[in-house]
Structure formats: C-alpha cells, structure tokens
K.L.:
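Have a look at the structure that comes next, please.
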Amino acid sequence: MTLDDHARFECKFCILLYQCTYTYVNNIDLGNTPSPDVPKYTIIFLSIVVNSLIFYLLPSKLTPLLKSYVISSIHAIICVGSVINFFARYSVNLKQVNRIAGGGVYGTGDEIMTYSICYSLGYFTYDLLLMLFYKSVRTTAALAHHIIILLAFYAGAINGICHPCHFYLLAEELSTIPLNLKALYHHRPRLYAIFGYLFIFTFLVSRLVYGSIVCGYAFGAAPAFFQMAFNAGDLTSVTFGLMQGSLCLLTRVLNIYWTILILRKILRPSKPKKKSS
C-alpha cells in the first residue's frame, strides 16, 4: 500500500466514523428506548390471553358488560399504580425533548415504561375484540378511543416516538375506576352516588387537567423534536411524529366530548316527583 493509498484509507475511515458517530448522537437526542431486547409482542400476547381468561373465569351470572367493567378496573389500577411508582422512584423531566416527545433515555427509568405500554396494548386489543363480539359492550366513542390508543401506543412502542408521553397518560385511567364501580354498584343508591361524584372529580383532574398538562409539554417539545429529526435526516421520525400529534389531538377532542356529556347530565333539570294522591 502506497502512502497515498494509506492516506485515502484513513480519510475514508474518518468520514465513516464521523457519520456513525453523528447518527448515534442524533439517535440519542431523539431517545434510545424502548430497547429491542424487550419482548414486546410476547407481553402483548400474554396480556390478551390473561385478560381473556379473567373474563371467562368471572362468575357466569355477570353480564359481559359487567365483566368488562371488572377487568377494566384491574387494568386502570395497574396503569395508575405504574405511573405513581415511576414518579416515586425515578426522575421526571417533561421539558427534556427526548423524555417526552422522543423515546426516552436509557438509565433514567424510561426503559421500564415499555412493559406497562405493552400490557395496555394487550388489554385494549382484548377489549376491542370483546366489543366486536358483544354488542352490549360496544359504543361508538369507546371504539374510537380504543382504535386511537392502539395506533398511538403501538407506533410509540415500535419507533419510540412519544413513548414516555403515552406512559404518563396511562394515569388518565384513574377516572375509569369510579366509573366502573358506579356501574357495578348501580343497585346501591348511596354507593352509586358516591362513585358518581368521584368519577366527575377524577375525570376533571386526570383527563382534563393532568392529561392536558402532559400533552401540552409534548406539543411544546414538538418543534425541537422535528428540528432534531430533520438535522439527522430522520424523515421516519418526522412522519410518525406528525401522526402521534394528530392522534393526541383526537384524544383531547374525545375528552372534551365526554366532558360535555357529563356537564349536560349534571345540569339537566331533574324531573319533578309526582305527588301521591
């Protein structure tokens, strides 16, 4: 090898090293979780199987709708507990682009989010199938909600876009617990009323206030995220980022729709009781 050949070889090696380093750094900027080592599809499949088994093992005297309320409550408790546990054990930085709009940063605790997301993906898949099998469980709003969540969560788990944001939004399931208990105890007037008030309170706090704050930080990080993706030449992240933003907006629209329904029910004048003759 001549001196010129050696120099050309070193030059090409340096360029290649620079390109690899540049790509790696920008990937870190956009987040480096979820890890490909996490058995995502296995967790999703097991979640579908376990939720389906619970449904069929519940007493047959319960209607499919009531069974769905029980399993929905279990899912909500696990989701809320996971988020509370994360807030208690790990650092949370909603202003850091790759920890809210990106995929998260390995070593900060973000790497465990995937397990909760995959469990939820399995639950929402099971519940969507349940709606298709049982008309009594199906509503248009619930179908739309599940499809939006499945698309957003799956895309986030695969490519890492908005993955931490999805995890934090699992805490919105808090309002699902009193809503289900309200339906399960419809024959107990006092408990029915208590759970009704709790549902209204938790819905406003978890979905309108908390959820809007999380989404607000995600949208606030969007310009910097897209700039990083453009700088890295990562058009895939740009495309999925736009998709995630659209799906997030749809969830906010659904929450506003449900809020209007709640307010209408609260403000609706009660029918006067007929006087007994």
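Just so we're clear, the structure is a prediction, and the values are computed from it rather than from any experiment.
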K.L.:
Minimum heavy-atom separation for Thr259 and Asn255, please, with both atom names.
P.N.:
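Closest heavy-atom pair between Thr259 and Asn255: OG1-O, 2.7 Å.
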
K.L.:
Would you call Phe124 and Leu128 a side-chain contact if the rule is heavy atoms closer than 4.5 Å?
P.N.:
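No. Closest side-chain heavy atoms not under 4.5 Å.
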
K.L.:
Check Ala157 against Ile117 and note the closest heavy-atom contact, atom names and distance.
P.N.:
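Heavy atoms only, the tightest pair is CB-CG2, 4.4 Å.
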
K.L.:
What's the separation between atom CD1 in Ile43 and atom OG1 in Thr114, rounded to the nearest 0.5 Å?
P.N.:
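Rounded to the nearest 0.5 Å, the CD1-OG1 separation comes out at 8.0 Å.
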
K.L.:
Which class fits the ring pair Phe55 and Tyr134: parallel under 30°, tilted 30 to 60°, perpendicular over 60°?
P.N.:
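Correct class here is tilted.
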
K.L.:
Please list every donor-acceptor pair under 3.5 Å in which a side-chain atom of residues 189-201 meets a protein atom from a residue at least two apart or in another chain.
P.N.:
residue	atom	partner	partner atom	Å
Tyr192	OH	Lys182	NZ	3.3

K.L.:
So does Ser35 get a backbone contact from the side chain of Lys40, meaning a donor-acceptor N/O pair under 3.5 Å?
P.N.:
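At least one qualifying donor-acceptor pair exists.
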
K.L.:
Using a 3.5 Å cut-off and no angle test, enumerate the donor-acceptor pairs between side-chain atoms of residues 209-218 and protein atoms at least two apart in sequence or in another chain.
P.N.:
residue	atom	partner	partner atom	Å
Tyr210	OH	Tyr168	O	2.7
Ser212	OG	Leu208	O	2.4

K.L.:
Taking Ser175 for its side chain and Thr202 for its backbone only, find out whether a donor-acceptor pair lies under 3.5 Å.
P.N.:
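No, because the side chain of Ser175 does not come within donor-acceptor range (under 3.5 Å) of the backbone of Thr202.
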
K.L.:
Parallel, tilted or perpendicular: which fits the ring planes of Phe86 and Tyr90, with parallel below 30° and perpendicular above 60°?
P.N.:
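Ring orientation, 0 to 90° scale: tilted.
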
K.L.:
Looking only at non-hydrogen atoms, find the nearest pair between Pro164 and Asn98 and report the distance.
P.N.:
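Distance-wise, the nearest heavy atoms are CG-O, 4.4 Å.
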
K.L.:
What heavy-atom pair brings Ser72 and Asn180 nearest, and what distance separates the two atoms?
P.N.:
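Closest approach of Ser72 to Asn180: OG-ND2, 3.0 Å.
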
K.L.:
How many angstroms lie between atom OG of Ser237 and atom CG of Asn159, to the nearest 0.5 angstrom?
P.N.:
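Here the interatomic distance stands at 6.5 Å.
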
K.L.:
Looking only at the side chains, is there a donor atom on one of Ser47 and Asn51 sitting less than 3.5 Å from an acceptor on the other?
P.N.:
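Present: a donor and an acceptor within the cut-off.
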
K.L.:
What pairs of donor and acceptor atoms, side-chain ones from residues 142-154 against any protein atom, are under 3.5 angstrom apart with sequence neighbours left out?
P.N.:
residue	atom	partner	partner atom	Å
His146	ND1	Ala142	O	3.1
His146	NE2	Asp127	OD2	2.7
Tyr154	OH	Tyr41	OH	2.6

